[in-house]
Amino acid sequence: MSSVKFSLIAAAAAVTFASGARAADLPAPAPAVYAPVQEFSGWYLRGDIGMTNQQVKSADNALIATTPNFMWLDTMSFDSGMLFGLGVGYNFNSWLRVDVTGEYRGKTSLHGLDQFLNGSATNTNNYSGTKSEWLFLANAYVDLGTWWCITPFIGAGVGVANIKIDNFRDDNIIAGGGGYAPAGTKTNFAWALHAGLGYQVTKNFTVELAYRYVDLGDGVTGDVVNYDGTNFSNNPWTFNHITSHDVKFGMRWTCCEEPVPQPATYAPLMRKG
């Protein structure tokens, strides 16, 4: 019996030794290989196209105060129109970017209708004209994170707006009179608020759908002259506090990408072995 036990112990020891030897011959699992994860900054170009939806707080003329029983039947307002813009910007990192934009906001129609007393008769003035402007803004945006290539963002901008009121007409159909005004321009401080979504089509190309509220300031016509050539006072029309709710479709192309200097963070590439 003792010889049998000895044989079994010897066999177990041999198996253990052989297993250890084979394990020693195998290479140890290699540690994970890590590579630095970099954020990127860089310059980008942008283009925008969109629709304007404009309001004017009030319209004033020096003669309104002296017009008997004056009232608005259709308050002065502007129709919607198109906008076209270009810009250049810079991505500081994955959440902050800035750009400078210039855009032409196309001609929109002006209309309005008032009522007043002319002696004992009720008369009306029917107003028409066009408005257009150039808008230049310096903007800053905060990108709020990216999910499935979609990045919501908010932003704000400041700049100048050059507003042109042209083709102004004041027609009194009942009395067969009226007047006109030459084109007038006015340059104002302007500001804007932005919100939207960007979709990263490729690493360097992003499309975006955005809403913008923009305050353009005031617009003004030239001096209104009667159709018969008479003009007894300087009385241009002023359009106070023009604002717009814009909807824009934009494209951004990152043209000159460069890594952001920052402490390296690491992510695993692959595991060898």
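With rounding to the nearest 0.5 Å, the separation of OG1 in T108 from CD in Q54 is 4.5 Å. D114 CG to I64 CD1: the interatomic distance, rounded to the nearest 0.5 Å, is 7.5 Å. Rounding to the nearest 0.5 Å gives a distance of 7.5 Å between OG of S244 and CD of E133. Note that CG of N240 and CG of D60 are 5.0 Å apart. Values are rounded to the nearest 0.5 Å. To the nearest 0.5 Å, the span separating CG on N172 from CG on N123 amounts to 4.5 Å. With rounding to the nearest 0.5 angstrom, the CZ atom of F232 is 10.5 Å from the CG atom of L63.
Residues T122 and L117 meet the side-chain proximity criterion, which asks for heavy atoms closer than 4.5 Å. Taking 4.5 Å as the limit, some side-chain heavy atom of F239 sits within range of a side-chain heavy atom of L110. Within the 4.5 Å cutoff, side-chain heavy atoms of T101 are placed close to those of R46. D246 places a side-chain heavy atom less than 4.5 Å from the side chain of L83. In this structure, the side chains of V158 and F189 come closer than 4.5 Å at one or more pairs of heavy atoms. When side chains are defined from C-beta on, T151 does not count as touching L197, because their heavy atoms never get closer than 4.5 Å. Here the side chains of Y227 and Y180 are in contact, with some heavy-atom distance below 4.5 Å. For the pair K164 and K186, the minimum side-chain heavy-atom distance is 4.5 Å or more.
H194 and Y141 have their aromatic ring centers within a separation under 6.0 angstrom. In this structure, Y104 has its ring center closer than 6.0 angstrom to the ring center of W134.
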### Task
Decide side-chain contact (heavy atoms from CB on, under 4.5 Å) for Y127 and M76; before the verdict, give the C-alpha distance in whole Å, the side-chain angles of both, and the deciding distance to 0.1 Å.
CA-CA 8 Å; Y127 301 98; M76 291 256 202; 3.4 Å; yes

### Query
Can D218 and I163 be said to form a side-chain contact (heavy atoms from CB on, under 4.5 Å), step by step?
CA-CA 8 Å; D218 301 338; I163 301 175; over 6 Å; no

### Task
Would you please test I174 and T124 for side-chain contact (heavy atoms from CB on, under 4.5 Å) and show each step?
CA-CA 7 Å; I174 296 173; T124 61; 4.1 Å; yes

### Residues V100, N139; criterion side-chain contact (heavy atoms from CB on, under 4.5 Å); working and verdict
CA-CA 6 Å; V100 177; N139 307 286; over 6 Å; no

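Checking H111 against D79 by side-chain atom types alone, a donor-acceptor pair falls below 3.5 Å. When only modelled atom types and interatomic distance are considered, T230 and D228 share a side-chain donor-acceptor pair under 3.5 Å. No side-chain N or O of N231 forms a donor-acceptor pair with one of N226 less than 3.5 Å apart. Counted by atom type alone, T130 and N167 present one or more donor-acceptor pairs between their side chains at under 3.5 Å.
Tracing side-chain contacts under 4.5 Å through hydrophobic residues (I, L, V, M, F, W, Y), one never reaches I150 starting from Y211; they form parts of separate clusters. A single hydrophobic cluster is seen to contain both W253 and F92, as judged by linkage of ILVMFWY side chains at heavy-atom distances under 4.5 Å, directly or through other members. By the rule that hydrophobic residues join a cluster once side-chain heavy atoms approach within less than 4.5 Å of another member, V98 and W43 end up as members of one cluster. Following chains of ILVMFWY side-chain contacts shorter than 4.5 Å, one cannot reach I49 starting from F136, and the two form parts of different hydrophobic clusters. Note: the hydrophobic cluster containing Y199 also contains F205 (ILVMFWY, side chain heavy atoms under 4.5 Å, direct or indirect links).
Listed here is the closest heavy atom pair of T221 and P236: O-CB, 3.4 Å. Nearest heavy atom pair, residue L135 against residue A190, reads CD1-CB, 3.8 Å. A192 and L137 make their closest contact through CB-CD1, 3.9 Å (heavy atoms, listed as atom of the first residue, atom of the second, distance). Residues Y44 and Y90 share a closest heavy-atom pair of CE2-N, 3.4 Å. Taking every heavy atom of both residues into account, L193 and A156 meet most closely at CD2-CB, 4.1 Å. Residues V56 and I242 share a closest heavy-atom pair of CG2-CG1, 4.2 Å.
Note that R105 lies outside the cation-pi zone of F84, set by a 6.0 Å cut-off to the ring centre and a 45° limit from the axis.
The one candidate from Q55, R212, M51 that meets the side-chain contact (heavy atoms from CB on, under 4.5 Å) condition with H245 is Q55. A side-chain contact (heavy atoms from CB on, under 4.5 Å) with K248 is found for exactly one of D48, T52, L209, namely D48.
Between Y213 and W191, the ring planes lie tilted relative to each other; the angle falls in the 30° to 60° range.
Using modelled atom types, no side-chain atom of D171 and backbone atom of I173 make a donor-acceptor pair closer than 3.5 Å. Distance alone, capped at 3.5 Å, places no donor-acceptor pair between the D74 side chain and the G112 backbone.
Considering only residues two or more places apart in sequence or on other chains, T67 meets the side-chain contact (heavy atoms from CB on, under 4.5 Å) condition with F70, F116. Take K107 and apply the salt bridge (charged side-chain N to carboxylate O under 4.0 Å, His left out) test, not counting sequence neighbours, and it matches no residue.
For the pair R252 and D99, the salt-bridge criterion is not met [side-chain N within less than 4.0 Å of a carboxylate O].
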